[in-house]
Number of protein chains: 2
Amino acid sequence: MVQGHDPTLGVPVSTANSLTADELGSAAQRERRQRILDATYALAREGGFEAVQMRAVAEEAEVALGTLYRYFPSKIHLLVSALAREFERSEAAFREVEIPGETAAERVIWVMKGTTRGLQGDPKLTEALTRAFMFADASVAQEIHTVGMLLTSMLTRAMRPEGSPGDADPADLTDLTDEDVAIARVIGDVWLSALVAWVTGRSTAAQTGAHLETAVRLLLRD
Amino acid sequence: MVQGHDPTLGVPVSTANSLTADELGSAAQRERRQRILDATYALAREGGFEAVQMRAVAEEAEVALGTLYRYFPSKIHLLVSALAREFERSEAAFREVEIPGETAAERVIWVMKGTTRGLQGDPKLTEALTRAFMFADASVAQEIHTVGMLLTSMLTRAMRPEGSPGDADPADLTDLTDEDVAIARVIGDVWLSALVAWVTGRSTAAQTGAHLETAVRLLLRD
DNA sequence: GCCAGTATAGGAACACGTTCTAGTCGCGCG
DNA sequence: CGCGCGACTAGAACGTGTTCCTATACTGGC
C-alpha cells in the first residue's frame with residue numbers, strides 16, 4: 001500500500017490523523033495543541049519514550065485525556081508530530097546559514113553532523129522520537145512523510161552548490177538528478193539506521209558519526 | 001525498561017538475556033524453547049506483531065505465562081530471537097548454493113532480493129519481526145548483534161568472489177577490506193530502512209526492491 | 001526411596017495505552 | 001432568553017505486556 005504523494009494539505013485527510021495547526025479553528029485550540037506538544041517535548045527530554053505517558057502528557061498540558069486523544073490519535077502520532085515540529089525548526093535554521101564545504105560530500109557531512117550533534121545533546125528526547133518513528137505504522141504515514149520530506153530537503157540542499165535556485169522552497173527538487181535524490185534517500189536511510197543503533201545503545205556517538213561519514217564519502221565521491 | 005531479572009537461575013545469565021539453546025540443561029527445556037519459538041512464529045505469521053500476545057504464545061506453546069517469561073524476558077526478546085532463528089536458517093541455506101552473478105553488485109543484489117522476496121511472502125511475519133527489531137532497546141543488544149552478524153555475513157560472502165577462502169566461517173572477514181565491510185553495513189542499513197518503509201505501508205514491494213537495487217549500484221560500481 | 005531446591009502451572013495483580021460514558025461549558029441561533 | 005451542539009473535563013473501564021504469588025511437579029544428591 002502506498003500513500004498518495006503530496007496531497008499538499010487543505011483536503012480533509014481520510015482517517016485518524018493528528019490535527020495540524022492549520023486545521024484548528026480557534027486560537028485557544030492552537031494554543032492547546034502547542035501546550036500538548038510542549039509537554040510531550042519536556043517529558044521526552046527528561047525521561048525518554050517511556051516517560052511520555054499519555055496521562056502525564058495530559059496532566060502537564062492541562063487537558064483531559066480524551067482531549068489529548070482528540071488532538072493526537074495515539075502516542076506514536078503524538079511523538080512523530082513532536083519530531084516533525086523539531087525538524088521544521090531545524091530545517092528552517094539550516095535555511096538561514098551558509099553551508100560550508102567545497103564538495104557536496106563535505107556539505108552533506110556538515111549538515112548531518114550538525115543535526116546529529118543536536119540530537120545527541122538530548123539523548124532521551126532523541127530516543128523517544130526515534131523509537132516512535134520506527135514503530136509507526138501506516139496510520140502515521142502523513143506525519144512520517146512530512147519528516148521524510150524535511151530530511152530529504154536538508155540533504156539535497158546541502159548537495160546543491162551554495163545559492164543555487166530552489167533554495168527557497170524545500171519541496172523544489174527540480175534541478176537535482178534522479179541520482180541525487182536517490183543518494184539523498186540512501187543517506188537518510190543510513191542516518192536513520194545509525195540513529196537507531198545509537199539510541200538503542202548498540203553504537204557510540206563517535207561510531208555513529210564515523211559510520212555516517214564513511215557512507216557519505218562512499219556515495220558522494222566527487 | 002527491562003531491568004535485571006531475579007537471580008535465582010541456575011545458569012549465570014549476564015543480564016536479562018533470552019535463554020539460548022545451549023544454556024538449557026535438559027532436553028525437555030530445549031524442546032520447550034523450540035515450542036515457544038514455533039508458537040511465536042505461527043502467531044506472527046497469521047496476525048503479525050499484535051497477534052503475538054504473550055498469553056496466546058504461552059497457551060499455544062503449552063507453557064505457563066511465567067515460564068514463557070523465564071525463557072524470554074519480554075515480547076521483544078521473544079520476537080527478535082525468532083528472527084535470529086529464521087536468519088540462521090536463511091544464512092545456512094545461502095551457504096549451500098552458488099551465488100550467481102559476475103560482479104559483486106550483481107551477487108549482492110541477488111542475495112538481497114532473494115531474502116526480501118522470502119520476507120515479503122510472509123508479510124505479517126515480517127511485520128512482526130521488523131517491528132520488534134526496530135523497537136528493541138539496549139537490553140536486546142545480544143540478540144540484535146546475532147542478527148546483524150548474520151546479515152553482514154551474507155552480504156560480504158556475496159561480495160567475495162565465489163569460492164574464496166573464509167566461506168566456511170561466517171565471522172571470518174579477513175580477506176575483505178575495510179571499505180567492503182563499510183559498504184556491507186551501508187547496504188544493511190538501506191535494507192533495514194526499506195523493510196521498515198514496506199512493513200509500515202509507506203512503500204510497495206516493487207519500490208523497496210528498486211530502492212535497494214539503486215543503493216547497491218551506487219555503492220558497488222565495479 | 002527421600003529430601004532439598006528448582007522449574008513449571010495457574011492465575012491474580014499491576015501499569016499504561018486506549019476507549020467510553022456522563023456531565024459541564026461556551027456559543028451561535030431562533 | 002432558552003436551545004442545541006460541539007468541545008472539554010473527569011474518571012471509569014478494558015486489553016495486553018509484565019510482575020508476583022502459591023501450589024505442584026520434577027531432578028539430582030544421599
Side-chain angles (χ1 to χ4, degrees), chain A residues 15-16 18-19 23-33 35-36 39-40 43-44 47-80 128 131-132 135-137 139-140, chain B residues 1-13 16 18-19 23-36 39-40 43-44 47-81 128 131-132 135-137 139-140:
Chain A
T15 50
S18 313
L19 271 47
E23 290 168 4
L24 290 168
S26 79
Q29 284 178 319
R30 275 190 296 279
E31 207 240 314
R32 239 181 232 112
R33 193 188 125 98
R35 279 210 315 275
I36 292 173
T40 304
L43 287 167
F49 187 85
E50 70 169 22
V52 181
Q53 301 188 356
M54 299 306 267
R55 289 173 179 87
V57 172
E59 189 176 354
E60 176 109 357
E62 295 180 293
V63 298
L65 190 55
T67 305
L68 173 53
Y69 272 95
R70 249 179 53 78
Y71 281 70
F72 300 95
S74 78
K75 173 170 173 172
I76 301 294
H77 284 82
L78 175 60
L79 279 165
V80 175
R131 301 276 287 282
F135 203 63
D137 68 2
S139 75
V140 202
Chain B
M1 176 180 45
V2 186
Q3 87 299 22
H5 217 237
D6 100 329
T8 52
L9 227 43
V11 191
V13 180
S18 313
L19 270 46
E23 289 167 0
L24 291 168
S26 79
Q29 285 178 319
R30 274 192 297 278
E31 208 238 316
R32 239 181 232 113
R33 193 188 125 98
Q34 284 301 320
R35 280 211 313 276
I36 292 174
T40 303
L43 287 166
F49 186 85
E50 68 170 21
V52 181
Q53 302 187 356
M54 299 306 267
R55 289 173 180 83
V57 172
E59 189 175 354
E60 176 108 359
E62 295 182 291
V63 299
L65 191 54
T67 305
L68 173 52
Y69 273 95
R70 248 178 53 78
Y71 280 72
F72 300 95
S74 80
K75 174 170 174 172
I76 301 294
H77 284 82
L78 174 59
L79 279 165
V80 175
S81 297
R131 300 279 286 282
F135 203 63
D137 67 1
S139 75
V140 204

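Proteins come first, then strands; the chains are lettered A, B, ... in the order of their sequence lines, and each starts at number 1.
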Run the salt bridge (charged side-chain N to carboxylate O under 4.0 Å, His left out) test against A:E60 and tell me which residues pass, sequence neighbours left out. none
Quickly work out the [X] [atom1] to [N] [atom2] distance and round it to whole Å.
X     : N      : atom1 : atom2 : answer
B:Q29 : C:dT6  : CD    : P     : 13 Å
B:L79 : D:dG17 : CG    : C1'   : 12 Å
A:R33 : D:dC8  : CZ    : P     : 13 Å
A:R70 : C:dT18 : CZ    : C1'   : 16 Å
B:I76 : D:dT16 : CD1   : P     : 16 Å
A:F72 : C:dT18 : CZ    : P     : 13 Å

Charged N-O contact under 4.0 Å between B:R35 and B:E31: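 Salt bridge present between B:R35 and B:E31.
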Can a donor-acceptor pair be found, under 3.5 Å and without considering hydrogens, that links the side chain of A:Q53 to the backbone of A:E50?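 Side chain of A:Q53 to backbone of A:E50, a donor-acceptor pair under 3.5 Å: yes, one is there.
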With heavy-atom distances below 4.5 Å as the criterion, would you say the side chains of A:R33 and A:R30 are in contact? no
B:R131 versus B:L79: any side-chain heavy-atom pair under 4.5 Å? no
Gap between atom [atom2] of [Y] and atom [atom1] of [X] - 0.5 Å precision:
X      : Y     : atom1 : atom2 : result
B:E59  : B:L68 : CD    : CG    : 12.5 Å
A:M54  : A:T40 : CE    : OG1   : 7.5 Å
B:D137 : B:I76 : CG    : CD1   : 8.5 Å

Phosphate OP1/OP2 of D:dC8 contacted by A:Y71 side-chain N/O (<4.0 Å):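 Answer yes for this pair, as a side-chain N or O of A:Y71 is under 4.0 Å from OP1 or OP2.
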Nucleotide by nucleotide, 5' to 3', does protein get under 4.0 Å of the base (B), only the sugar-phosphate (S), or neither (-) in nucleotides 9-16 of chain C, counting heavy atoms? BB--B--B
Angle between terminal axes - the helix from C:dG1-D:dC30 to C:dG30-D:dC1, 5 pairs each end, rounded to 10°: 10°
Under the ring-ring contact (aromatic ring centres under 6.0 Å, His included) rule, collect the residues that match up with B:F72, sequence neighbours excluded.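 With sequence neighbours excluded, B:F72 shows a ring-ring contact (aromatic ring centres under 6.0 Å, His included) to no residue whatsoever.
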Could you list the residues that satisfy ring-ring contact (aromatic ring centres under 6.0 Å, His included) with B:F49, not counting sequence neighbours?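 B:F49 satisfies ring-ring contact (aromatic ring centres under 6.0 Å, His included) with A:F135 once adjacent residues are dropped.
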List every contact pair, protein side and nucleotides 25-30 of chain D side both N or O, where the distance is under 3.5 Å.
none

